[in-house]
There are 2 protein chains.
Amino acid sequence: MSLSSYRSPFSEQTHDHSLCIIEALEIANKLCTQRGARLTPLRRQVLELIWQSHKSLGAYKILEKLQNTQGGRAAPPTVYRALDFLLKQGLIHRIASLNAFIGCLHPDSPHVGQFFICQTCGNTAELEAPHLHADLLQQAHQLGFKVEKSTIELMGVCPHCQSLVSL
Amino acid sequence: MSLSSYRSPFSEQTHDHSLCIIEALEIANKLCTQRGARLTPLRRQVLELIWQSHKSLGAYKILEKLQNTQGGRAAPPTVYRALDFLLKQGLIHRIASLNAFIGCLHPDSPHVGQFFICQTCGNTAELEAPHLHADLLQQAHQLGFKVEKSTIELMGVCPHCQSLVSL
DNA sequence: TATTGTATGTTATAATATACCTGTTAATAA
DNA sequence: TTATTAACAGGTATATTATAACATACAATA
Ligand SMILES: [Zn+2]
Ligand SMILES: [Zn+2]
Ligand SMILES: [Zn+2]
Ligand SMILES: [Zn+2]
């Protein structure tokens, strides 16, 4: 029940992103139902806004978009509360180095997010790299350190943007 | 010309931290002289404030401390300018997940910082884990992604704080 | 229906960071 | 030495991100 991974975030031009959005919302629905969590219209709308692209989106951008559709009524806490819910349900991740939020690619299995963020186009890919995480945990173990949360964010240039530069 | 690493950040009680401070300032001096960069009194003072402990320090905490010693004159841009300089010289790192800054343990060799941050005591250890970084770079290579900057921050509980909990 | 917990609305404010303009100091050239 | 220039620092205002505190609406269930 994971999002299809054959659609690379770095080829937004060449994949049908509407499928990403539909899948993400479907999975969110299923997971919340299973857990007895309430994916209210507001929370669903925020999740949908975040999934508009594979770029991370700041809280105040979300607020702006909400106001455009809702009729100017939303305030910051509205957005942050919805974000908190989505974070707790594992439906989105926070990108600490950008103060922004992005849809999770595999919200059904608890995991640590590892992100590759293109500095040029902003598209962001979430990686599954279990052995990498295992390495980190081993390092931690040697130190006697108990890891509870990890932030791994690599900034750089995606293949698509590299090909544009070399033209 | 790296800071002595036998003093663990997680045993602040049992190491002579004044040696950490002295070494850090000495190395900073040497590096800046070598590079023709100017470690002005203000920049030096900010670096010294950051090195007061192995906990990361927010810009506004630094500001506060500056004002206590300087006579209340400093403003935010003063601090941020000094921080920018220290970051560029590789003398400090920014901890994205805490919006805070910490002294670099080996400022002489360019490297990616990997941090273990104790959620209980705040002490933070910077790790050298080259093979871990190599792993990340290989992942990136497979994606065709060119990494330019990495943020690796692991939150958890340090050995010292674990021992306290179990009492 | 009454009760209770969850969700949302509203206002104000905290915390972090930068833009912009002005004066000062330090290196370099004439 | 003095003139010129670039780096540095001060100061004010403001942008950006996030939360506190309190009030109201809604939904589940007893
Ligand atoms: Zn997509
Ligand atoms: Zn790109
Ligand atoms: Zn020390
Ligand atoms: Zn600790």
For A/Gln119, all residues meeting side chain to side chain contact (heavy atoms under 4.5 Å, CB included), sequence neighbours excluded:
A/Met155, B/Glu148
Pairs under 3.5 angstrom, nitrogen or oxygen only, protein versus nucleotides 22-30 of chain D, please.
none

All side chain to side chain contact (heavy atoms under 4.5 Å, CB included) counterparts of A/Leu63, not counting sequence neighbours:
A/Tyr60, A/Gln67, A/Ala74, A/Pro76, A/Val79
Taking five pairs at each end of the helix from C/dT1-D/dA30 to C/dA30-D/dT1, what angle separates the two helix axes (nearest 10°)?
20°
Residues which pass side-chain hydrogen bond (donor to acceptor under 3.5 Å, both in side chains) with B/Gln89, listed by chain and number, not counting sequence neighbours
B/Arg35
Mind listing the side-chain donor-acceptor pairs of residues 133-141 of chain B below 3.5 Å, one per line with the distance, residues two or more places apart or on another chain?
none

Sorted by chain and residue number, the side-chain hydrogen bond (donor to acceptor under 3.5 Å, both in side chains) partners of B/Gln114 (sequence neighbours excluded) come out as none
For A/Asn99, enumerate each residue passing the side-chain hydrogen bond (donor to acceptor under 3.5 Å, both in side chains) test, keeping only those at least two apart in sequence or located in another chain.
A/Arg94
For a quick check, tell me whether the side chain of B/Tyr60 and the base of C/dA14 share a donor-acceptor pair closer than 3.5 Å.
no
With the threshold set at under 4.0 Å for non-hydrogen atoms, list the residues of residues 93-101 of chain B touching DNA chain C in residue-number order.
B/Arg94, B/Asn99
Results of ring pair (Phe, Tyr, Trp, His ring centres under 6.0 Å) for A/Phe145 - residues two or more places apart only
B/Phe10, B/Phe116
Quick one: list whatever passes ring pair (Phe, Tyr, Trp, His ring centres under 6.0 Å) with B/Tyr80, sequence neighbours left out.
none
List for me each residue that meets ring pair (Phe, Tyr, Trp, His ring centres under 6.0 Å) alongside B/Phe85, sequence neighbours excluded, and say none if there are none.
none
